[in-house]
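Presented below is the structure to which this report refers.
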Amino acid sequence: MSDALARVLAARPRAEKQQVRRAALYAALVAVASVALLALSGWFLTAAALAAGAGTALAFNYMLPSAAIRLFAIVRTGARYGERLASHDAALSAIARVRPALFAALAATPVARALSLSTGAASTRLVQDAGAVETALVLRSGTVGGAAAILSGVALIALAGPLAVLGVMGVAALLMAVSWALSRQLEDSGRALLREAEGLKAQTAALVEGSAELRCYALEDWAVARIVDGGTALAAAQQRDSDVRAAIEVASPVAIGVGAALALVVAAPHGAAIAALAALAAAMALDGLAPAIRHVTQAHAARAAYARLGALLDEAPPATLPAVSLEPDLVLYGRAMGPPARIALRGVSGSGKTSLVERLVGVRPAIAGEVSLGGVDIAVLPASTLRAAFAWLPQDAALLAGTVRDILVLGRADAPEAAVWEALEDAAFADRVRAMPHGLDSWIGDNGASLSGGERRRLALARAYLKPAPWLLLDEPTEGLDAATAHMVIARLDDRLRRYGQGLLIVSHAPLALVLDGEITPAS
């Protein structure tokens, strides 16, 4: 386990530590009560039968053993309930720290790494890997329960002599060794399983996103075949994983049968009642190792998940670096400028305009010496400083599922209603919002599914307007708009820049005479 993940898990509040201790105590009580209950029941039934056969039934004390049996049954039931509550409470508390840390790490992943991390990989970290950690945490008390089961079983089996104890201990050791060896195989099968699941998720998401194009080009069957192939590979990985788990499950009942038979044979000279007690105590003690086996198995199965999560946390910065307060002056390719300068980034397709824009806001690695902000090379500035300087409209702006208001307030959470409507007016989108059934609270679907491409563009532009920043960084703001609407957007942009004194860096192939002072061609 990585140091970063270990620190997250170790940062436990006092209540969680108490729940961990309670879970261990309850697990031990469950094991002891289970072993004592079955062993005493076996002894009681056998002894009672022998007393009845010998004609001494009236002298046999039925009350005390039956009362003890009831007590152990109650203790086992109550302790099992308490163990489940305590272990799950502790695990959920721990995972509640892990998941936000993972999300923060994904958000702060170094740019070069983030660009190579697929959606499937990201969701696997947050869902499946975190789930594996949660399950391992829930099963932590199993080791204590297994130890308590063996110790209590040995204490009762000792009534049949040391040979019975040694035999059962040997079977228990062999069972744990076999389970350990088999569970090591779960690392490989679990790694393959997660890899196939990650690939299938990413592929399915990509095909669903392009479903319209697939239908247009009659590629539905091809897409289905791709998903079927991924599903087949996932099923094969699941089968291999299930085979190993089945072998582990088979080992336990075989060991229980062997241990009980061994104890019964060795204890036979001590009488039928003691033999029954020893056999059932052995069976229940070996059965009590099941939680410990599950803990070992899950620990091995989750090892790959621990490694992936640890690597993700180790790669992330220790904390989000605060924005450095700098003057908003830019030096771009040797040209100095500051608000309210208005500059167009020109060049043929593929010349690096959008890449430059993405470097300015820290979503691509900066190139040393290319741009400075406030006299400091952006290659050494934290992304938070860059993002505070620019209000960005990406070339392919994403709109999260939600209402119009939900989309807009991402730019400025505390934006007053008047500022929201002003931004919509400046983006030439206010009339469209007023015509919606619920205005700002109208649902627009996943990535603005209910809007046209031009409407999504203007809504994203209004979101950029809402963010308070010295520079507007607009990548194709009129893309998808008709000529009249594009002219309106540019005219209102000019008016907004005059009102607020912001600087403008814009990538556009539209006529921009109203808003430009000069042009820059990015270095490819």
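Side chains are part of it too, since the values below use all heavy atoms of this structure and drop only hydrogens, waters and symmetry mates. Along the sequence shown, the residues carry numbers beginning at 1.
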Is the backbone N or O of M63 less than 3.5 Å from a side-chain atom of S66, with the two atoms forming a donor-acceptor pair by type? yes
Between S141 and E83, is any side-chain donor less than 3.5 angstrom from a side-chain acceptor? yes
Just to verify, what does Q185 make a side-chain hydrogen bond (donor to acceptor under 3.5 Å, both in side chains) with, not counting sequence neighbours? none
Do the side-chain N and O atoms of T232 and D229 include a donor-acceptor pair separated by under 3.5 angstrom? no
Do the side chain of R359 and the main chain of R364 share a donor and acceptor less than 3.5 angstrom apart? no
With a 4.5 Å heavy-atom cut-off, do L459 and I444 have their side chains touching? yes
Can you run down the ring-ring contact (aromatic ring centres under 6.0 Å, His included) pairs that involve residues 274-299, sequence neighbours left out, and say none if there aren't any? none
Could you check if a side-chain atom of V171 sits within less than 4.5 angstrom of a side-chain atom of I256, using non-hydrogen atoms only? no
With side chains defined as the heavy atoms from C-beta onward, is the minimum distance between L360 and I378 less than 4.5 Å? yes
Qualifying residues under side-chain hydrogen bond (donor to acceptor under 3.5 Å, both in side chains), relative to R412, sequence neighbours excluded: D414
How long is the span from the CG atom in L289 to the OG1 atom in T143, to the nearest 0.5 Å? 10.5 Å
Cut-off 3.5 Å, no hydrogens considered: what does the side-chain donor-acceptor table look like for residues 151-165, sequence neighbours left out?
unit_1, atom_1, unit_2, atom_2, d
S152, OG, A148, O, 2.8
S152, OG, A149, O, 3.1

Donor-acceptor pair, distance only, cut-off 3.5 Å: does the side chain of S87 make one with the backbone of R84? yes
Output yes when a side-chain donor or acceptor of S183 lies under 3.5 Å from a complementary backbone atom of W180, and no otherwise. yes
Closest heavy-atom pair, S450 versus W443, reported as atoms and distance to 0.1 Å, is OG-O, 3.9 Å
So, do E249 and I293 sit near enough that their side-chain heavy atoms are less than 4.5 Å apart? no
Non-hydrogen atoms of A267 and A278 that approach each other most closely: CB-CB, 3.8 Å
Where do S189 and D241 come nearest, in terms of heavy atoms and distance? OG-OD1, 2.8 Å
Minimum side-chain heavy-atom gap T77-I74 below 4.5 Å: no
Distance-only, no hydrogens or angles: does the R387 side chain make a donor-acceptor pair with backbone N or O of G362 under 3.5 Å? yes
State, with a plain yes or no, whether a side-chain heavy atom of M436 is found less than 4.5 Å away from one of L451. yes
Using the side-chain hydrogen bond (donor to acceptor under 3.5 Å, both in side chains) criterion, which residues pair with Q18? Sequence neighbours excluded. none
For D377, give me all partners under side-chain hydrogen bond (donor to acceptor under 3.5 Å, both in side chains), at least two apart in sequence or on another chain. none
Would you please test W222 and L207 for side chain to side chain contact (heavy atoms under 4.5 Å, CB included) and show each step? CA-CA 10 Å; W222 173 83; L207 292 174; 3.9 Å; yes
Look only at the side chain of S93 and the backbone of A90, and say whether a donor-acceptor pair between them is shorter than 3.5 Å. no
Could you pull out the closest heavy-atom pair between L399 and A460, with the gap in Å? CD2-CB, 4.3 Å
Check: K467 side chain, W392 main-chain N or O, donor-acceptor pair, under 3.5 Å: no
Got L193 and R240 here, is their nearest side-chain heavy-atom distance under 4.5 Å? no
Would you say that L386 contacts V361 through its side chain, given a criterion of any heavy-atom pair below 4.5 Å between the two side chains? no
